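What follows is a short report on a single structure.
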Amino acid sequence: MTTIDQVKTKFRSIHFNTIAYRLEELLRQAGESELTHLQLADLMVEQELRGRQEKRVSYNLKRAAFPVVKRLEEFDFAFQTTVSKKQVLRLLDFTFVDNRENVVFIGPPGVGKTHLAIAVAVKAVEAGYRVFCSSALELVEALDLAEMRGQLKQKINALLKFDILFVDELGYLPVNKKSACNLFQLINALYEYRSLLLTTNKNFTEWADFFSEDAVAVPIVDRIIHHSHIFMMGGESYRLTKKIGSDRSG
Ligand code: ADP
Ligand code: MG
């Protein structure tokens, strides 16, 4: 006589964990809804596939290392009028990732660049893409450290495993020549191979200032903008406006 626990153990041994976990429920549902054997088989495999998909997404969300999770649904397009909701939604078919194109949000502090970039990146993870998020500062530090250890190539290769590399706040702090060269090697490796999602407060014409010299800034900019969707954002700082608003009302 086969027991339900024995069957569950067998499912677990071949890593069908969702089916193992839900077996009683699935069998009850099959009885109550008078499912055919084929329908039950289909239900089981569907549950297993969905379970795996959810697990993959939650693993990739952790791996993406977002500083905070921001949602597109929380973004107020009535406040930020220099980009339209339609323009942003257009990114969500993720052809930009499939075509290895870049997305760049440019604008002054507080206008929602990081919010939108995180929101798009979260949707990408939910759609099954692998994302890695880093502040420009942390990224430059990590590349410099790897270079010092003679492991720059390995570090870059590790970053190339992600479909989207999300670099937040490039341009806030200047980088020295050595760091700019390391960054260039990364950008060069990503070029036409992976997508870069970038936020920056600097216009491309100002990039030479923080890359210490034109000789490195120009080829970096060149590769980033060649295949890219550029969102020029302006308007008031959301942070500042809300702060002033709450100070007045409080
Ligand atoms: P930036 O990266 O351009 O400096 P952020 O994206 O960090 O700005 O935005 C600053 C704060 O204001 C964040 O908490 C963000 O969620 C919020 N914020 C900015 N713009 C909007 C908006 N249009 N709707 C809702 N929240 C916003
Ligand atoms: Mg930001």
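Fair warning: this is a prediction, and the values are worked out from it, not measured in the lab. All ligand and atom numbering here is 1-based and tracks the order in the structure. Numbers here are sequence positions counted from 1.
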Test of ring centre spacing under 6.0 Å for F75 and F77: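 Judged by ring-centre distance (under 6.0 Å), F75 and F77 do meet the cut-off.
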
Polar contact flag, side-chain donor to acceptor under 3.5 angstrom, Y238-H115: no

Pair R223, N188: side-chain N/O donor-acceptor within cut-off below 3.5 Å: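 R223 vs N188: donor-acceptor pair found between side chains.
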
How far is [atom] from its nearest protein heavy atom, and which residue and atom is that?
atom: atom 14 (O) of ligand 1; result: K70 NZ, 3.1 Å
atom: atom 23 (N) of ligand 1; result: D76 O, 3.0 Å
atom: atom 19 (C) of ligand 1; result: Y238 CB, 3.2 Å
atom: atom 7 (O) of ligand 1; result: R239 NH1, 3.6 Å
atom: atom 6 (O) of ligand 1; result: H115 N, 2.8 Å
atom: atom 4 (O) of ligand 1; result: G110 N, 2.7 Å
atom: atom 2 (O) of ligand 1; result: T114 OG1, 2.7 Å

Pairing of E169 and K113 as salt bridge, 4.0 angstrom limit: no

SB check K70 E74 (cutoff 4.0 Å):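 E74 and K70: not salt-bridged.
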
In terms of the angle between their ring planes, are [X] and [Y] parallel, tilted or perpendicular, with boundaries placed at 30° and 60°?
X: F231; Y: F105; value: parallel
X: F204; Y: W207; value: tilted
X: F16; Y: F11; value: parallel

Identified salt bridge (Lys or Arg N to Asp or Glu O under 4.0 Å) partner of D163 from the options R63, R100, R130: R130

Quick check: [X] and ligand 1, any N/O pair under 3.5 Å apart?
X: E169; answer: no
X: V111; answer: yes
X: G112; answer: yes

Under-2.8 Å protein N/O/S neighbours of the Mg ion (ligand 2), ordered by chain then residue number: T114 OG1, E169 OE2

Nearest-0.5 Å distance, CG of residue L23 to CG of residue D5: 9.5 Å

Distance, nearest 0.5 Å, that separates CD1 of I19 from CD of E48: 5.0 Å

Check against side-chain contact (heavy atoms from CB on, under 4.5 Å), V131 and L197: CA-CA 10 Å; V131 176; L197 177 58; 5.9 Å; no

Close approach of P109 to ligand 1, heavy atoms, under 4.0 angstrom: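 The answer is yes, since P109 has a heavy atom less than 4.0 Å from ligand 1.
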
Part of F75 with heavy atoms under 4.0 Å of ligand 1, whether side chain, backbone, both or neither: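 Near ligand 1, F75 shows its backbone as well as its side chain.
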
Residue portion contacting ligand 1 (non-hydrogen atoms closer than 4.0 Å) for E74: backbone

T82 side chain vs G234 backbone, donor-acceptor pair below 3.5 Å: yes

For Q80, atoms of ligand 1 separated by under 4.0 Å from a heavy atom: 23 (N)

